[in-house]
Amino acid sequence: MLKIAIFISGEGSNAVKMLDNYSKSNAIEVALIYSSRPNKHLKALCKQLGVVFHYSLWNENEKINLLELCKKLSIDWVILAGFLKLIPESFLTHFPNKMINIHPALLPKFGGKGMYGMHVHNAVIHAKEVESGITIHYVNGSYDEGQIIAQFKVAISEEETPETLAVKIRALEHKHFSDSVAKVLIPSRH
Ligand code: GAR
């Protein structure tokens with residue numbers, strides 16, 4: 001059984017989807033959810049499911065504590081699902097090529113520091129793009145620059161707004177993120 005940790009900073013809808021999808025898996029177990037912001041809903045859900053939920057600030061001491069917690073729980077992979085902090089060297093060294101991120105646009109466009117959530121969709125609409133999508137990629141020491149694993153696209157209509165695009169992108173994430181991660185973690189089964 002591969003143990004994963006999911007790191008979040010937002011609502012956590014992708015984490016909830018993963019908890020649900022992997023609960024049926026006999027190869028992947030969500031062992032830890034770390035949130036850099038309080039999240040009552042996920043905390044309660046994790047308690048119900050017996051998954052460790054950890055919230056703390058993202059400062060130097062807490063980064064050390066979080067890595068220790070990952071080691072203690074024998075975490076094999078870390079999945080960033082709407083996690084907005086830069087991953088430090090200590091994590092990249094402990095999880096070499098074993099951290100995966102999701103980005104709500106077609107990288108290398110519309111990525112980098114400050115490009116998250118609605119900022120991304122606003123920029124895509126402003127640039128009059130005809131399509132957008134999601135990118136699932138390995139994590140390295142720079143925002144949104146690691147090797148791309150998979151991309152999925154949606155068309156942008158003439159009347160599209162950042163809000164309607166956000167709904168389409170969220171649906172695409174919920175449809176593809178868990179499966180794309182599973183294909184990387186257990187390629188023999190896919
Ligand atoms: C997702 O759309 C994810 O792609 C995005 O944050 C959202 C989190 O939603 N990530 C980034 O923008 C990273 N640059 P969720 O908390 O409901 O899963």
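In each ligand, atom 1 is the first atom listed, and ligand 1 is the first ligand listed.
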J.: Less than 3.5 Å apart, which donor and acceptor atoms pair up between the side chains of residues 103-120 and the rest of the protein, not counting sequence neighbours?
T.:
unit_1 : atom_1 : unit_2 : atom_2 : d
His103 : ND1    : Asp144 : OD1    : 3.4
His103 : NE2    : Phe110 : O      : 2.7
Lys109 : NZ     : Glu129 : OE1    : 3.1
Lys109 : NZ     : Glu129 : OE2    : 3.2

J.: Exactly which residues line ligand 1, taking a heavy atom under 4.0 Å from it as the test?
T.: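 The answer is Gly10, Glu11, Gly12, Ser13, Asn14, Gly82, Ile102, His103, Pro104, Met115, Tyr116, Gly117, Arg170, Glu173, counting any residue whose heavy atom sits under 4.0 Å from ligand 1.
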J.: Do His174 and Ser13 have side-chain atoms, one donor and one acceptor, less than 3.5 Å apart?
T.: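 A pair is found: one side chain offers a donor N or O, the other an acceptor, under 3.5 Å apart.
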J.: List for me each residue that meets salt bridge (Lys or Arg N to Asp or Glu O under 4.0 Å) alongside Arg37, sequence neighbours excluded, and say none if there are none.
T.: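 Salt bridge (Lys or Arg N to Asp or Glu O under 4.0 Å) list for Arg37, sorted by chain: empty.
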J.: For Glu173 and Asn14, test the side chains for any donor-to-acceptor distance below 3.5 angstrom and give the result as yes or no.
T.: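 There is such a pair (donor and acceptor under 3.5 Å, judged by atom type) between the side chains of Glu173 and Asn14.
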J.: Looking at residues at least two apart in the chain, or sitting in another chain, which of them share a side-chain contact (heavy atoms from CB on, under 4.5 Å) with Lys72?
T.: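 Applying side-chain contact (heavy atoms from CB on, under 4.5 Å) to Lys72 gives none.
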J.: For atom NZ of Lys43, is the number of surrounding heavy atoms from other residues, nucleotides or ligands below 6.0 Å larger than 12?
T.: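 Incorrect, the count does not exceed 12.
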